Amino acid sequence: MIQSLLIANRGEIAVRIIRTCREMGIRTVVAYSQADADSLPVRLADEHVCVGPAPARESYLNIRNLVTAGVLSGCDALHPGVGFLAENAGFARDVKDAGLVFVGPDPEVIDLLGDKIRAKHSAKDLGIPVIPGSSGSVNNAEEALHAADGIGYPVIVKAAAGGGGKGMRIVHGGSQLADVLAIASQEAEKAFSDGTVYLEKYLENPRHVEIQIVADRKGNVVHLGERDCTVQQNHQKLIEESPSPVVTPALRARMGEDAVRLLRGLGYTGAGTVEFLVKEGKHYFMEVNARVQVEHPVSEMVTGIDIIRQQLLAASDESLEITQDQVRLGAYALECRINARSAGRVTQFMSPGGFGVRMDTFLYAGYHVPPWYDHLVAKLIVTGQNRAEGVRRMERALSELVIEGIATNIESQKKILAHPRFRSGDYGTGFLGEILKEGAL
Ligand code: ADP
């Protein structure tokens with residue numbers, strides 16, 4: 001079993017990992033940048049090591065400093081968290097070469113899944129439905145036009161190495177394609193140092209539904225049901241829930257089986273998410289996130305299973321604590337992401353509580369939110385007997401939440417929850433864009 005873990009991350013996910021480690025008796029060492037010296041993970045961890053100055057590329061993305069911190073602080077494993085280097089195969093390799101366990105899938109698997117074209121091929125080979133698209137990368141306007149004619153407009157140009165909603169462009173007709181291709185490829189080159197792009201059919205207003213997987217090295221690959229992440233702004237998730245209002249038991253079973261088959265086929269270990277788009281009752285594979293995700297608490301609350309704990313067990317070559325038969329999907333869970341819209345000192349902070357409420361955050365009164373990193377500052381998660389009760393409980397919890405001194409999206413989350421379309425459960429990924437146009441936010 002892992003004895004001592006370097007957490008190569010910050011913010012709420014670092015706090016989240018520390019909490020499970022403490023319960024498991026694992027010593028934690030958190031790596032932090034100079035901008036995070038007074039952060040909650042630094043306060044909560046058993047030990048802390050400064051890995052560089054505020055800019056992420058000099059600290060949280062500094063592979064040499066992170067690996068050295070792990071070795072010198074006597075850790076036997078490293079957890080990459082979410083974002084930063086969590087899906088960087090080179091990092092996973094360097095961690096292993098330094099003699100530490102990397103909490104995540106093997107570098108070869110991260111490599112394969114990091115290339116969305118290869119990931120789609122793997123899914124297709126296993127008979128999993130994928131979004132129709134170009135058979136591989138499109139390297140010039142001529143190839144793109146040919147592929148798009150076969151797929152039918154609208155199409156979406158996507159970066160093979162993409163992530164975080166970056167490098168995606170929708171094209172409605174052939175006349176725009178050459179220009180958009182060039183722009184998307186340049187964007188991808190800039191963001192991911194890889195300008196490879198491919199085409200997909202652009203599904204109008206689909207649902208985003210993903211399956212949470214946990215897998216160990218002993219052949220257990222278990223799915224924990226779905227999360228619906230259809231409420232998105234600029235392709236970035238804002239609200240997640242389980243079960244999905246549109247997933248029937250039959251669809252859940254098919255998606256779960258497909259997700260398990262894919263990750264079993266790839267020899268995947270740890271926590272991972274298989275993302276699908278759902279349209280007219282059919283699911284289409286999109287990509288795999290080879291790490292734990294921001295929205296994992298939704299599945300934890302709906303199943304009662306600690307996903308970080310399963311990740312740490314799998315990384316330690318232990319068995320998962322559950323088999324598929326033992327997974328009980330509970331009634332309902334809902335998460336609202338609380339994002340900062342400005343940096344600065346939090347002058348007042350009050351966390352909601354009470355029955356069925358969970359708060360994952362690194363905020364405290366007096367904390368200075370640095371301007372350097374991701375804008376996610378808290379995740380509010382509630383459970384309920386059904387969707388209506390869960391939504392009401394979330395409204396109650398949001399009304400208790402006080403964050404002063406920085407601007408946040410709390411008020412806009414309240415408006416989304418109150419919107420009749422959200423209440424009806426009947427909408428697609430375009431929902432937020434539509435209500436923004438109506439001026440409802
Ligand atoms: P990233 O890895 O950058 O987050 P994804 O491939 O996961 O990108 O897609 C993010 C979101 O973009 C999806 O949830 C969906 O809203 C939208 N999207 C991606 N591909 C398509 C598509 N073919 N048709 C319609 N929407 C899409």
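The model shown is predicted, which means the values in this text are computed figures rather than measured ones. One-based numbering, in listed order, for ligands and for the atoms of each.
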Pairs in or reaching into residues 373-382: which pass salt bridge (Lys or Arg N to Asp or Glu O under 4.0 Å), with residues at least two apart or in two chains? E12-K379
Residue pairs passing the salt bridge (Lys or Arg N to Asp or Glu O under 4.0 Å) test where at least one lies in residues 390-399, sequence neighbours excluded: E389-R393, E395-R423, R396-E400
Under the criterion side chain to side chain donor-acceptor pair (under 3.5 Å), I'd like the reasoning laid out for R10 against S59: C-alpha separation, chi angles, the key distance, then a yes or no. CA-CA 11 Å; R10 65 179 301 281; S59 47; over 6 Å; no
Check whether D216 reaches the backbone of L320 with its side chain - one donor and one acceptor, N or O, closer than 3.5 Å. yes
Could I get the full list of salt bridge (Lys or Arg N to Asp or Glu O under 4.0 Å) partners for E143, not counting sequence neighbours? none
Non-hydrogen atoms closer than 4.0 Å to ligand 1: which protein residues do they belong to? List them by chain and number, please. K116, I131, I156, K158, G163, G164, G165, K166, M168, E200, K201, Y202, L203, H208, Q232, H235, E275, L277, M286, E287, T429
Within 6.0 angstrom of H235 NE2, more than 12 heavy atoms from elsewhere: yes
